[in-house]
Amino acid sequence: MNEAVTTNKAQLPAAAAKPKRRAWERFKANRLAFVSLWIMAVLIVLALFAPVIALHDPAEQDLMSRLKPPSAAHWFGTDDLGRDLFSRVLYGARVSLSVAIFSVILNLLIGITVGSLAGYYGGKVDSFLMRIVDILLSFPTFFVLITVVTVLKPSLFNIIVVFVAFGWMSKARLLRGQILSVKNREFVDAARTIGMSDFRIIFVHILPNAIAPIIVSATLQMGSMILTESSLSFLGLGIQPPTASWGNLLQSAQSLTILSNAPWYPFIPGFMIFLTIMCFNFIGDGLRSAFDSK
Amino acid sequence: MARYALRRLLNAIPILIGITIISFLIIHMAPGSPISQYVDDPTIKAIDKENMIKAYGLDQPLYIQYWKWISDLAQGDFGTSFQKSQPVSELIWDRLPNTLLLTVTSFALALAIAIPLGILCAVKANSRLDQFVSGITFVGISLPGFWLGLLLMMFFAVRLGWLPSGGMQTINAPSGFGDRMLHLILPVFTIACSEVAVWIRYVRSSMLEVINQDYMRTAKAKGLRGGRILSVHGLRNGLIPLATLFGLSLPGFFAGSVIVETIFSIPGIGRLFTEAAFQRDYPVIFAVTTMTAFLYVFGSILADLSYAILDPRVSYSKSEAKV
Amino acid sequence: MSEALLEVKSLRTVIKDKKRELTVVDGIDFTIGTNEVVALVGESGCGKSMTSLSIMQLLPRVGEIAGGEVRFGGRNLVGLSNREMSSVRGRQIAMIFQEPMTSLNPVLTIGMQMTEAITRHLGVSKSEAITIAEDWLRRVGFPEPSRIRKEYPHRLSGGMRQRVMLAMAMACKPELLIADEPTTALDVTIQAQVLDLIRQLLHETDMSVLFITHDLGVVAEMATRVIVMYAGQIVETADVRTLFTDARHPYTKGLLQSTPRMQGAIEPLVPIPGSVPPAGAFPAGCRFAERCPMAKAECRDRQPELREIGAGHQVRCILI
Amino acid sequence: TSGGGGTPATSEKPADGAAASTGKKEKVDGGEINTAYLADPQGFIRFWATTTTSSEVIDLVFSSLYRFNEKQEIVPNLAAGQPEFSQDKMEMTIKIRNDAKFSDGKPVTADDVVFTYNIPLNPDYKGPRKGTFEKLAKIEKTDDTTLKFTFKEPHAGYIDMLVYNILPQHLLKDVAVKDMEKSTFAKQPVGSGPYKLEEWKQGQYLRFVRNDNYFGGKPAIEKITAKIIPDANATMAQLQTGEINAIVVPADNLQAIEQFAKTSGKIKLQKGIGTGTYMFTAWNLTNPLFQDKAVRQALTMAIDRQGIVDNIVEGQGKLVHSQTSPSYWSYTDNVPKFPYDPEKAKKILADAGWKDTDGDGILDKNGQKFEFEMQTIQGNKVREKALTVIQQQLKKVGISVQPRIVEGSAFTKNWMGKNFTAIFHGWSISGDPNPQGIWHSTAMETGSNYISYKNPEVDKLIDEDLKTFDMNKRKELLAKIDALIAEDQPYTFLYSPTSTMAYPANLEGFNPNRDSLKEIEKWYFTK
Amino acid sequence: MGAPLLEIKGLKKYFGIGGSLKNGAVKAVDNVSFTVFKGETLGIVGESGCGKSTVGRLVLRLLDLTEGEILFNGTSIGNWNQRQLRPIRKEMQCVFQDPYASLNPRITVGKAIAEPLVVQGGLKWSEAMKRAEQLLDTVGLRSHAVGMYPHEFSGGQRQRIAIARAISLSPKLIVADEPVSALDVSIQAQIVNLLEELQTQTKVSYLFISHNLSVVRHISDRVAVMYLGQIVELASRDQLFGSPKHPYTQALLSSVPEPDVDGKRERIILSGEVPNAANPPSGCAFHPRCPHAAERCRIEKPIFREVEPGHYASCHFV
Ligand SMILES: Nc1ncnc2c1ncn2[C@@H]1O[C@H](COP(=O)(O)OP(=O)(O)OP(=O)(O)O)[C@@H](O)[C@H]1O
Ligand SMILES: Nc1ncnc2c1ncn2[C@@H]1O[C@H](COP(=O)(O)OP(=O)(O)OP(=O)(O)O)[C@@H](O)[C@H]1O
Ligand SMILES: [Mg+2]
Ligand SMILES: [Mg+2]
C-alpha cells in the first residue's frame, strides 16, 4: 500500500475504553443510581442469606410478646402474633424481590421474543403478534390482576405467572419499535449481505443495539411490581400469610390498633417498599444515562 | 379524518371480540360461582343452589352463555347483576360519575402541577431545582397508594379532624359543592401524588427533547424572547407526545382507583368491580372489563387523532401531495 | 477593504463537560466589511459552526465564549444580556442553518414563523407583517406567497424550506447574514437555485454575508474573501482569486488537490493523509504538522503565527 | 320479649360508668344513629336477600310474623301469640294482630301474609329459599286475622319460615314473581316495621326515619343512617371522628377503640354479645389421617383454644365443645371436653401409632407423615391469624400443617366440593337448632355435611328431633346429639366469637345481648 | 471490457403507501435495465430520492423486486428467497454511505471483519481474526485495531473498516452506496484511491452509487443518470461528461460548482423541485422542469435508446 492509505498511527488511542466500561463509568457518575445499586445489592444478599442472618424463625410465634417495640432481641419489634419482624422483613424481602425480579426477567424474555419477531419479520407476523399485544394491553390491568389472582390461588408462583402474563406487552411494544429503527440501520443490511441467519442477525446485531430502553423500563417495572404486589395484598390478594411479603406485612399492619400502638410495624415494611422502588427508579435512571452513549 | 377514525374503530372490533372471549374464559375458569356465597348458610339447601344456577343460566354450555351475553351486548344490554338484581348499565351509570369525579379531578390537579413544574425542570435541566423536583417525584412514585391514603386519613381526618375521612358527601346535612370538594381532598391527593410524579417526568423529558431541537435555535436566532420561544415554539411541540399519553390514560379514568375507592368509601367503578370479582358477579365483571377495554381502544384512537390535530405532519387523509 | 461591519477579535470558544474544557475555536480574528461575502471553509469539526454561533451568542448549553470580542458596528456583542442580544439577533444579524428540515418549527405555519420575527423587530402590525412576509416569499421565488404562508413546513421540499428560511432571515433587512452550510443538505440542482437566489439578494441589498461551507466549489462561486480553518484556527485567509490560484498553506493546497473536478483531465487525487484531530487532541506545534507532507521537525515544536504574506493574504505556516 | 338467661353478657362498664341496665335517665325523643356496613344490602325482600346486612335493614323496614330473639326462640311480631298445631302436626294456625299498618297507611292483613308466603311456593320463584319452604304445602286465611299453614309432613323446623318480611299485596300484586327481585319495590320498600327507608344511595348510604305509626310504638331514635364503608379501618376511623356512632367493633381494632372510648368519653362499649356463630377446624373424615376418633381428640387437645381466644380475638369469644352456639336456647355444657394438653395429645397420638421415627420432627406412621394442608377463607384477618397459630401449635406435637388461604368463592367451592383435608371455618347458625343440614349423613349429598360425618345414632336422634314439637323433649334430644358429636370430634370446636358494640355514651335501652341494630326501636338517648 | 457480471432487466420496485399497494405506490425504481461487466465500475448518479439506493438494495436482494430480472453471473437471482441467496452472497458485498451506521457499535472491528469469514467462509474464529488483521492492513489500518470498537475511529477509518469487511470474502461485485458522501474531501480522496487500488488488484466490479458527480466522474468507467426511478442516460464516462445528451444530465452537470475562479461555465438553473415519486408527471417525467420541453414531452414517454454507440438516453429530442 502506498502512503495515501496509511493512517496516522498516533491517532489510534491505545487503550480507549470499551463500550461496557464507558457505560459503567457513566452509571457510576450518577451518584444516586450508584448508591441505589449498592443498597439493592445489600438487600439481595440479605434476602439470599435470610436463613443465616435472621435471629428468629419468621413463623415462630410468641403470643406472650405481641407488638413489642424494637429491642435488642427483636430489632424491628414483633408483630401481632409475637413473630420477629426483622426476620419477617428479611424473608419478606426474598418474596417481594423474587416477585419483582423473576417476573420482570420473564417479562423480558417474552417481551423480547415477541418484540423481536414482530419487529424483525414485520408483515403478518407483526400484525398478528401486535393484535395479541393490543388485546392484552387493553385489559384494565389491575382489574385483570384481581380477577386472575382470584382465579388462580394467590401463591408466589401464581402471582409471578400473572405479572408475567399481563406484563410483557409493553416490553414487546417498546422493543418492536426499537427493532424497527435498528433494523434499518445499515449494519443490519451489511449483516444480511453476508448471508447471516436471521437468528444471528437478531441476537448478535439487532438486540444488543435495541435493548437499552427495555432494560431501563424493566428496572422501573421491578419497582412497580413490588407496588402492585403490595396493592394486591391490600385487597387480600397478594402473597398469602403466613408467608411474609412486604406487601402483606404492610397490609397486616393496617389496623387501627397497630397504627396507633405499634407505629413502627407498618412503617418498616412501608419503608422497605418505598426504599426498594426508589432504588429501582434511581438505577433505571442511571442505566438510562449509562446507555445514552454517543 | 372521520373516515380514519371509523376505520380504526372497525379494526378494533376483532380486538374487542378477543377481549370479551378472553375475559369470559378467565372468569369462568375461576373456581367458585355466583352461588358460592350461599354455601356458608346451612339453611340453604342443595335444591336452592340448583335453582339459582338455572336462574342465572349457568347450567348452559359456555359458548351458549357467551353467545347470549354478546348478543345482548350488541343490543346495548349488559344484563342484570346477580348480586344486586339490578341492570348492570344502571349500576355503572350510578358509579361512573363518582369515579370520574375522583379521577378527573386528580388528573387535572396532577397536570396543573406537573406541566409548569415539568417545564421548569426541563428549562433548568440538571439544576438544583431540577434535582430536587426529581427527588420528590421519585418519592411520589414509590409510595404505596394505600399506605399513603391511610396515613393521610389517620392524620387529617382522625387526628386533626380537618377533613372528612371518606364518602362523597356529608349525609344528613345539606351538602353543597364545598362539602363535596372537602370530601374529595384526601382521595384526590392520594391519587394525584403518584400521578404528579409520573407526569412531571413525562413533561420534563418531552420538553427537554424539544428544547434541544433546531427550530428552537432558529426561534432564538430570529431574536424572539425566551418566554415566547418557550410558549409558542416549545410548549406546543412538547405537549404533542403527551396527548398520546393522555389518550392512553383514559381507561384509567374509568377504572378509577380501586384502592382509593376502598379506603375512602367512594362508590366507584373500581369498587363495583372488586366486589363483583369477589362475588363472581359475572355480568358486572364482563361489563366493566369490556367497557374499559373499549375505552382503551377508544383512547388510543383518540390519542392518534389528537396527534393528527396537534401535529400538522401527521395526516390521515391519503394522497396529500406536497405543494 | 470597506469599513468593518463585523470584527471578530481573538475569539476563543470552549466546550465544557464535567471533566474538561475543550477549546474548539482558538483565537480567531477576522472582519467582514459591508456587502462582503466572506466564506469560512474547513473540514467537519474544525469549528466553523462554533464560530458562527459564538457571534450570535447561540452556543449550546455546554459552550461558552472564553475570550475575545465580537464587535458588530462597533459594539462588543460578547457579554450582552440575552435581552440585548435578542434585539440584535434577527434584526441586525440573521442566520440560516444547514438543516432546513429541522430548523423550522413543524407545528407552526410558515406565515406565523415569519411574522413573529417581523412584528418583533420592525414594530409593525400583524397585517403589515403579513404583507412584508408575502413580499419576501415572492422575492425568494414563490409565485403564490399567500398560499405558502399558510402551509406547514413538512409540506415543503428541502429547497423550498431553505428558501423560506432565507426569506425569514431577510425579512427584517439584517446587515449581516450568517449562512451555516445553507446548501449542504440540498441536491445540486436545488443548491444551484438557492445559491443563485442568494447572489441575487446580495446584488439587490448591501447586506454582508458570512458563508460557511466545506465545499470549495461553492466558495469559488459565492465568496469575495475566504477564511480557511483547521482545528479551531484560521490557517489561511485570502481573497477568492488568490486562494484558488495561489494557495500557500499546505492544508489549503491539500484540500484543492483532493477535490475531484468536473472538468479537465482526470488526474489521480492526492488525499491528505490521516484525519482531522478531534478537539482536545490537537498536537502541540503546528496542528497540521502530522498530516503535512512538508512538515519539518520544527513544525511540531512551535505554534506558527498567522502571518500576512501579501495584501489581505495571511497564512499560518512557518515554511512560507 | 328480651329474656335473660342463656349467656350472661360479660358486660364491662364503659369509662363513664353508664351501662345498659343502669338507672333510667331522662329519655330524649329523637336523635340519630349512624352506623356502617361493609357492603350494600341485597334488597328488601328476604326471599332473595340472604346477607346479614340485608336481614338487618329488612327488620328495620318490615315486620314479620315472628322474630328470633338472641336465644333463637321465636317471639311474636305481627303474630299474636305462638303458633298452634293440629293434632297430626300437619296444620299450623297463626293469629295476627289487626293494628299493624304499612307506612303508606294501608293495614296489614291476612291477605298480605298469604300473598307473601305464596311467593316461595310459586314455581317461578328462583331464589335461594325454596328449600326452606319445601315442606309447606299451602297457606290460607281462615279469617281476617287467622292463617292456616298446611304441611306436607310434620316439620319441627317450621320456625325458620316465620321470620320472612310481610309484603304489601296491594303494591306487589301486579309484579310477576320472577321480576319481583328486580322490581323497584325491592329497592324502595314500603313495610310495616319501625322505620321507613327514606333514601338509599347505592354504595354510599341508606337513610331511615322512624315510622310514627309503628304498631309497636313510635321508636325514640328518629333517624338511622347506615353508611357503606368497605374498609374496616376506615369504619373505625369514622367511629373516632364521630361520623359513625353505633357499630360492631372488630376484635383487631378493639384495643384502639377502647382507648378512644376512654379518652374521648364519646362512646361506650358493650362487650361479650353472644352470636350464633362458632369457629372450628373441620377434618375431612374421608382422609385416612382423621379416621381415628382418638387422633381427632388428640388434635383438639393439641390446640390451645383459650390461647387463641385470648390472643387472636382479644378475648372476644367463648370456648365451645360441640356444635351448638352458647347463645342458643338448646345449648348444653354437658358434653365431653378435650382441654389443651399437648403432652397427652402426643401420647394419644403415639398410642395410635403416630411416632417420629425418622427424627425430622414430624410424626409418621407406616411411612406416612402426619402432614396436611389447612385452608381458610381469605379476607378475614382473625381467621388467617388463628390458622397460623394452629399451625404452630400442631407443629409442637409433631404435626405439620400447611396453611392455605383461599379467596372467598374458591374457598367455598373447595369446602362445598369436599376438596380439602382440613379447613378452618365458622358456622353462623340461626333459626331452628336441628342440625340435620350439617351433621345428618344424608346431608353429605344434599346439605352441608362436607366432612362426610356419619354416626347412625346421631342420624336417628336428628330424625327424631325433626318430628318432636315438645321443647323440653327437643332440648334433651339435642343435648344428646351434642354430646355424641363432641365425643366424635369430627371438628375441633374452637370458640363462639362474641361481639363488641360501640354506642354513643348517652344511649340507653339497647339489649346488651344483641349486636348491630337489633331492637333499635327500643333505643333512646338520654340527656 | 469483460463479460457481463450483473445484468438488470426491466427492474421495478414499487413501495405501497401506508404499507399497501392499494393506496397508491411510490415507483422508487421503474423499469431500469443495465449491465455491469467484470472488473468495471458503473456509476449511478441522480438527485436524492431518485431511486439509486433502491436499485442497489435490489441488486443485493435486500429487497424483493416488484418486477424484472436480475442475472448474476448468468444466474437469475431475482426471485430467490433469502435461504437460496445465502451461498451467492459472498460474491457480492456492499459498502454504505454512513460509516457510523454501517458498523455495529457493539462489535469490535476485528469481529466485524471476521464475521463474514466465519459465517460464509467457514473459517474458525481464530483464523478469521488473523485474516481480519491482514485485511485491516490492506485497507491501511494498523492491525491492532482489531480489538477496538467503531466509535474509536474517525469517519474515514470506519469506511476503511467497512471496505475491509466487504472485501473479506473476495466478492466479484461490490455495491457501494454513497461510500464517500459523508466524508470530508481529504478523506474522500483517500477512500476513492483505496477503492481504485482494490479494483486493480482484485478485478472486482463496482456498482458505485453517488450523487456527487465529480467523484463519479473520477471513479466510473460508465455512468447511468437516474431521475424519478428511471435511467435517463447511460454512457461511458467520457461520453456522458463530455457530451451529455439528456437535458437533465446537462443541467445536473452544469449545477456542480467547480473549485475554480477562472473558466466559469454557463449554468443551467432548473426551475421547480423534484416531483413526488408517488405521483410522477405524465409523459417524460422531466418535462415540468425541462428547459426544452414541448407538448409532446407531456404526453409521450420517451424511449430509452442508443443514440450513439454505447450511449443511451431517453429524450425525444436527441
Ligand atoms: N454540543 C456540543 N457538545 C460537545 N462538543 C461539541 C458540540 N458542538 C460542537 N462540538 C465540538 O466542537 C468542535 C467544532 O464543532 P463545529 O460544529 O463548530 O464544527 P463545524 O466546523 O461546524 O463542522 P461541520 O462541518 O460538521 O458542521 C467539534 O470538535 C465538535 O465535536
Ligand atoms: N422502504 C421504503 N418504503 C417506502 N418508500 C421507500 C422505501 N425506500 C425508499 N422509498 C422511496 O423510494 C424512493 C427512492 O428512494 P431511494 O432511497 O432509492 O433514493 P436515493 O436515490 O437513494 O436517494 P438518496 O440520495 O437520498 O439516498 C424515494 O421516494 C423513497 O421515499
Ligand atoms: Mg457546522
Ligand atoms: Mg440513497
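Just so it is clear, the model here is predicted, and its values are computed rather than measured.
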(message) Run B/Glu261 and D/Asp231 through side-chain contact (heavy atoms from CB on, under 4.5 Å) and show every step you take.
(response) CA-CA 10 Å; B/Glu261 283 174 15; D/Asp231 181 59; over 6 Å; no
(message) Evaluate D/Asn233 against B/Met153 for side-chain contact (heavy atoms from CB on, under 4.5 Å), listing each step before the verdict.
(response) CA-CA 10 Å; D/Asn233 284 310; B/Met153 187 204 289; over 6 Å; no
(request) Kindly determine whether B/Asn98 and D/Gln204 satisfy side-chain contact (heavy atoms from CB on, under 4.5 Å), including the steps that lead there. (result) CA-CA 11 Å; B/Asn98 300 333; D/Gln204 296 195 46; 4.0 Å; yes
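- Within a 6.0 Å radius of NZ in D/Lys187, other residues, nucleotides and ligands contribute more than 12 heavy atoms.
- No side-chain heavy atom of B/Asp94 sits under 4.5 Å from any side-chain heavy atom of D/Lys201.
- Per-residue heavy-atom pair counts under 4.5 Å with chain B were compared for D/Thr235, D/Ile229, D/Asp432, and the maximum is reached by D/Ile229.
- Only the side chain of B/Leu91 has a heavy atom closer than 4.5 Å to any heavy atom of chain D.
- With rounding to the nearest 0.5 angstrom, the CD atom of B/Gln86 is 11.0 Å from the OG1 atom of D/Thr184.
- Using a 4.5 Å cut-off between heavy atoms, D/Gln240 contacts chain B through its side chain alone, with no backbone atom that close.
- Atom NZ of D/Lys418 has more than 12 neighbouring heavy atoms from other residues, nucleotides or ligands inside a 6.0 Å radius.
- Contact of D/Gln202 with chain B is made through backbone and side chain together, with heavy-atom distances under 4.5 Å.
- Residues B/Ser265 and D/Lys227 have side chains not in contact (no heavy-atom distance under 4.5 Å, counting atoms from C-beta outward).
- For the options D/Ala49, D/Pro230, D/Gly242, heavy-atom pairs under 4.5 Å to chain B are most numerous at D/Pro230.
- Only the side chain of D/Asp40 comes within less than 4.5 Å of a heavy atom in chain B; its backbone stays farther off.
- For D/Gln436, no part lies under 4.5 angstrom from a heavy atom of chain B.
- Interface remark: B/Thr80 contributes side-chain atoms only to the contact with chain D (heavy atom separation under 4.5 Å).
- No more than 12 heavy atoms of other residues, nucleotides or ligands lie within 6.0 Å of NZ in B/Lys68, so this atom counts as exposed by the packing criterion.
- Surrounding CZ of B/Phe189 are at most 12 heavy atoms belonging to other residues, nucleotides or ligands under 6.0 Å away.
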